[in-house]
**Q** 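Have a look at this one.
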Amino acid sequence: QVQLAESGGGLVQAGGSLRLSCTASGRTSGNYVMGWFRQAPGKEREFVATIDDNSGSPLYVDSVKGRFTVSRDNAKNTDYLQMSSLKPEDTAVYYCAARTVGLSQFLWWGQGTQVTVSS
């Protein structure tokens, strides 16, 4: 089992920035991949960003490319999602999730953190 704890959400004006953090605990000795997802009111949860476990390159949904940056601090078992140039349409509950390297399904999920971008 991997437990995930997110932090860093909040209220920000359009054009502002926030950094989300997700710290993993529990059985973190194995290789795992973290991902970020979000769910806006009345919408389905969507993928936002991850670091590809084969190439090590970041992957983003098109709507956040050039504005969001995903990174990882292995020593701290923590992933970060730096969000800049935020737009009202970025308003959502943001979740981090983890999956085992080589598997496609994200099995472990954080509790979510609210990000609200005002216009």
Side-chain angles (χ1 to χ4, degrees):
Q1 289 283 350
V2 176
Q3 290 81 43
L4 303 174
E6 301 141 348
S7 61
L11 173 64
V12 65
Q13 288 187 333
S17 299
L18 283 174
R19 188 179 77 159
L20 305 183
S21 301
C22 179
T23 300
S25 60
R27 292 182 61 184
T28 58
S29 60
N31 290 329
Y32 62 95
V33 177
M34 297 268 252
W36 291 94
F37 296 78
R38 65 186 180 185
Q39 187 166 19
K43 295 187 177 181
E44 294 187 353
R45 185 172 60 197
E46 69 168 346
F47 164 80
V48 176
T50 190
I51 296 176
D52 183 77
D53 44 338
N54 290 319
S55 66
S57 299
L59 301 174
Y60 303 97
V61 66
D62 286 347
S63 60
V64 308
K65 285 181 180 178
R67 301 188 298 120
F68 289 14
T69 302
V70 62
S71 62
R72 188 171 192 182
D73 185 334
N74 286 316
K76 296 182 178 180
N77 286 332
T78 298
D79 275 41
Y80 303 96
L81 184 67
Q82 177 68 47
M83 306 184 294
S84 302
S85 301
L86 283 162
K87 305 176 181 179
E89 50 264 43
D90 294 318
T91 295
V93 177
Y94 283 71
Y95 299 90
C96 66
R99 60 176 174 85
T100 302
V101 170
L103 300 181
S104 61
Q105 186 179 5
F106 284 86
L107 293 179
W108 302 285
W109 292 82
Q111 79 282 2
T113 186
Q114 177 70 47
V115 172
T116 302
V117 184
S118 63
S119 57

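Bear in mind that the values here come from a model prediction, so they are computed numbers and not experimental data.
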**Q** Side chains of Thr23 and Thr78: donor-acceptor distance under 3.5 Å anywhere?
**A**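 A pair is found: one side chain offers a donor N or O, the other an acceptor, under 3.5 Å apart.
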
**Q** For the SG atom of Cys22 and the CD atom of Glu6, what is their distance to the nearest 0.5 Å?
**A**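 Spacing of SG (Cys22) from CD (Glu6) equals 5.5 Å.
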
**Q** Does a side-chain heavy-atom distance below 4.5 Å link Arg67 with Met83?
**A** no

**Q** Could you tell me which non-hydrogen atom of Phe47 sits nearest to which non-hydrogen atom of Leu59, and how far apart they are?
**A**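 Here Phe47 and Leu59 meet closest at CZ-O, 3.7 Å.
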
**Q** Write down the atom of Gly110, the atom of Tyr95, and the distance for their closest heavy-atom approach.
**A**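 Looking at all heavy atoms of both residues, the closest pair is O-CD2, 3.7 Å.
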
**Q** Can you name the residues that form a side-chain hydrogen bond (donor to acceptor under 3.5 Å, both in side chains) with Arg72, not counting sequence neighbours?
**A** Tyr32, Asn74, Asp79

**Q** Considering residues at least two apart in sequence or located in another chain, which fulfil the side chain to side chain contact (heavy atoms under 4.5 Å, CB included) criterion with Ala5?
**A** none

**Q** Parallel, tilted or perpendicular: which describes the rings of Phe37 and Trp109, with under 30° parallel and over 60° perpendicular?
**A** tilted

**Q** Just checking, Arg99 and Phe106: is the charged tip under 6.0 Å from the six-membered ring centre and within 45° of the axis?
**A**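 Yes, a cation-pi geometry holds between Arg99 and Phe106.
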
**Q** Salt bridge or not for Lys87 and Asp90, using N-O below 4.0 Å?
**A**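 Salt bridge between Lys87 and Asp90, a charged N being under 4.0 Å from a carboxylate O: no.
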
**Q** So, using side chain to side chain contact (heavy atoms under 4.5 Å, CB included) as the criterion, who are the partners of Gln82 when residues are at least two apart?
**A**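 Gln82 satisfies side chain to side chain contact (heavy atoms under 4.5 Å, CB included) with Ser17, Arg19, Thr69, Ser84 once adjacent residues are dropped.
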
**Q** Could you report the tightest heavy-atom contact between Ala14 and Ser119, atom names first, then the distance?
**A**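 For Ala14 versus Ser119, the nearest heavy atoms are CB-CA, 4.4 Å.
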
**Q** Verify side-chain contact (heavy atoms from CB on, under 4.5 Å) between Gln114 and Thr91, making sure each step is shown before the conclusion.
**A** CA-CA 8 Å; Gln114 177 70 47; Thr91 295; 4.0 Å; yes

